[in-house]
2 protein chains.
Amino acid sequence: MVNGIKPISSRSMAERVEISLREYFAQKSFKPGDPLPTELELAAALGVSRNVVREALSRFKMLGIVEAKKKSGMVISNPDIVGTFEKVMTPEIMDEATLQDLFELRLALEMGIADLLYIHKTEKDLDELEEIAAREMKEKDNNFRISNEIAFHSKLYEMTGNNTLKRFQSLLLPIFGYVIKLEKKKVISGKVTHQDLVKILRKGTVEDFKEGMLSHLQPHFDRVRSFKK
Amino acid sequence: MVNGIKPISSRSMAERVEISLREYFAQKSFKPGDPLPTELELAAALGVSRNVVREALSRFKMLGIVEAKKKSGMVISNPDIVGTFEKVMTPEIMDEATLQDLFELRLALEMGIADLLYIHKTEKDLDELEEIAAREMKEKDNNFRISNEIAFHSKLYEMTGNNTLKRFQSLLLPIFGYVIKLEKKKVISGKVTHQDLVKILRKGTVEDFKEGMLSHLQPHFDRVRSFKK
DNA sequence: TTAGTAGTTATGTTCTACATAATAAATGTA
DNA sequence: TACATTTATTATGTAGAACATAACTACTAA
C-alpha cells in the first residue's frame, strides 16, 4: 500500500468552481443586489476557462442565487427555497427509503401545524374548510374524493398563513400518493373524518384537535409502526 | 398597442433546455441507471450548441439527477434531496419572510415528531438524551449551552430513526439562530426544561410529551403569535 | 490462453468568434 | 443650455472547433 497516496480530486472543474464560488460568496458576505465580478475576471482568478465558470454559474442561476443581466453583469439574489425543492422532488427516481422518510416527515408536519392553526384560524377559513368537507360526502367518484382529500389538507396549511409551509406541503403531496401506490394499498381513512376535524377546530381545544388529527391519520401511523426496524 | 405582441421567452437557452430535458426525462419515465443520449445527440435534437446543453446538464449534475462517466456517457441517478436543500439554505441572502416561515416550519416539526418518537424510542436513546440534558446544567458558558441545546433537539430527531428528517432539521438550525439574531433577543427557555422532557419521554404518555414540548417552546410560539398579521 | 497494445468513443476543458442587450458617451440640433 | 439621436462600449449569451482524458473494445503477439 502506497503511503503518500493521492486522493485526487475526481471532481470536475465546474464542481470545484461551484465550491470555490460558494466559499467566495460567504467570505465576502454578499447580500442580494451585490454585484459579482465578470465571468472573465472569475475565470482568470480561478485559473479556468470561461466555459467552466459559466457551467458553475449556471447552477447558481438555477438556484436563484445569481441573476445575470447583459452589460450590467451579475448580482446576488435571494433564492426560492421551495422552488428549488421542487426541482429535485421527483418521486419516480427517488429511492424508496427517502420516500418513506418524506412520508413520515409529512405526517409529522400534519400533526405539528395544530398550534399554528389555532393561532391563525379565522371564521372565514373555517367556513371554507367546512364546505370542502361537506362536498366530499356527496361524491362517490374515487378520483374526486382524492382531490378533495388533498383540498382539505391543503386548506389546513393555507390557514397557517405560512406560504412556505403551504408550498412545501403541496410538494410532498405526490410522495403521499406514490408511497400508497408502492404499497398497493387502498387509502384507509381513520375514525375521525374531515367533518369531525372542522367541528373540533371550531369549538374544541388545540389538544382536542391534536387527538383528532392523530385518529384521522392513525392508519398511516400504524403503517409506520409496522415498518419499524 | 400591437395586438400580436410576442411575450418572447426571455429565458436563456440553458434554462429552456433544462425545462425540455425535465419534460423528456418524465415522458420517457427514466429510472436511475437508465442511459441518456450523448451531449451531441441532445444538442442536435434540441437545435442548440453543445455548450448550452452542457450548462443545462451541469444543473442536473448538481442536483444529482444526472451522473456522467467518460466514454460510458450519462445516466439518470437518484438525487440527494437534503443535499440540494443545503445548497440553497443560505440565511444570509434569504428574505426575512421566508426565514420566519422556516422558523415556524421548524416549530411545527418539533411539535410533530412526538408520535414518531414514541414509536421508535429505545432505552439506550433515552439514556443518551438524559446525559445531554444533564451536561447542560453543569455548564455556565453560553456558547456551550447553545451547542448543548442543539445537541438535545438533534438527538430527538435522531431518535425518530428518520435520517432525512434528521438531516433536514440540522439544516434548519442556522435559521433558528439567525431569526433570534434578527430579533436581537436573548434565547428564552420555556418552563419545561430538557430534563423534564426526558422524564416525560421515559414515563409519560405521548400526550404528556406534546404538552411538555409546547411549554418548552412556548416563548417561540408567543413570538409567532405577536407577529400575527 | 492471455498479456499487452492500439483504436474508439463520450465527457471534460479550452479557445475563439460573434450576437445581443443595456448602458454610457458623444454628437448634433433647436 | 437643454434635449434628442446616434454611436461606442461592455458583459452576458450562443456557437463551433479543437484537443485532452478516461474507459471500454478488439485486435495482436508471445
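Proteins come first, then strands; the chains are lettered A, B, ... in the order of their sequence lines, and each starts at number 1. In what follows, every heavy atom counts, from backbone to side chain, and hydrogens, waters and symmetry copies are set aside.
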Short heteroatom pairs, N/O only, protein and nucleotides 5-16 of chain D, under 3.5 Å:
residue: D:dT9; atom: O2; partner: A:K71; partner atom: NZ; Å: 3.4
residue: D:dT10; atom: O4'; partner: A:K71; partner atom: NZ; Å: 3.0
residue: D:dA11; atom: O4'; partner: A:K71; partner atom: O; Å: 3.2
residue: D:dT12; atom: OP2; partner: A:E39; partner atom: N; Å: 3.0
residue: D:dG13; atom: OP2; partner: A:R54; partner atom: NH1; Å: 2.9
residue: D:dG13; atom: OP2; partner: A:R54; partner atom: NH2; Å: 3.4
residue: D:dG13; atom: OP2; partner: A:K61; partner atom: NZ; Å: 2.8
residue: D:dG13; atom: N7; partner: A:R50; partner atom: NH2; Å: 2.8
residue: D:dG13; atom: O6; partner: A:R50; partner atom: NH1; Å: 3.4
residue: D:dT14; atom: OP1; partner: B:M13; partner atom: N; Å: 2.6
residue: D:dT14; atom: OP2; partner: B:M13; partner atom: N; Å: 3.3
residue: D:dA15; atom: OP2; partner: B:S49; partner atom: N; Å: 2.9
residue: D:dA15; atom: OP2; partner: B:S49; partner atom: OG; Å: 3.3
residue: D:dG16; atom: O6; partner: B:N51; partner atom: ND2; Å: 2.9

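- Side-chain contact between A:L21 and A:L42 is present, with at least one heavy-atom pair separated by less than 4.5 Å.
- Residues satisfying the ring pair (Phe, Tyr, Trp, His ring centres under 6.0 Å) criterion with A:F152, sequence neighbours excluded, are A:H194.
- Distance check: B:Q218 CD to B:H216 NE2 gives 11.5 Å after rounding to the nearest 0.5 Å.
- Contacts between residues 19-26 of chain A and DNA chain D, counted as heavy-atom distances below 4.0 Å, involve no residue at all.
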With a 3.5 Å cut-off and sequence neighbours excluded, list the donor-acceptor pairs that the side chains of residues 22-37 of chain B form with protein atoms.
residue: B:R22; atom: NH1; partner: B:E18; partner atom: OE2; Å: 2.9
residue: B:R22; atom: NH2; partner: A:K87; partner atom: O; Å: 3.4
residue: B:D34; atom: OD2; partner: B:K31; partner atom: N; Å: 2.8

Quiz: residues 110-117 of chain B side-chain donor-acceptor pairs under 3.5 angstrom, not counting sequence neighbours:
residue: B:E110; atom: OE1; partner: B:Y157; partner atom: OH; Å: 3.3
residue: B:E110; atom: OE2; partner: B:H153; partner atom: ND1; Å: 2.7
residue: B:D115; atom: OD1; partner: B:K210; partner atom: NZ; Å: 3.3
residue: B:D115; atom: OD2; partner: B:K210; partner atom: NZ; Å: 3.2

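- With hydrogens and angles ignored, the 3.5 Å screen pairs a side-chain donor or acceptor of B:S226 with a backbone N or O of B:R223.
- For residues 69-103 of chain B, the set of pairs meeting the ring-ring contact (aromatic ring centres under 6.0 Å, His included) definition, not counting sequence neighbours, comprises A:F85-B:F85, B:F85-B:F168, B:F103-B:F176, B:F103-B:H220.
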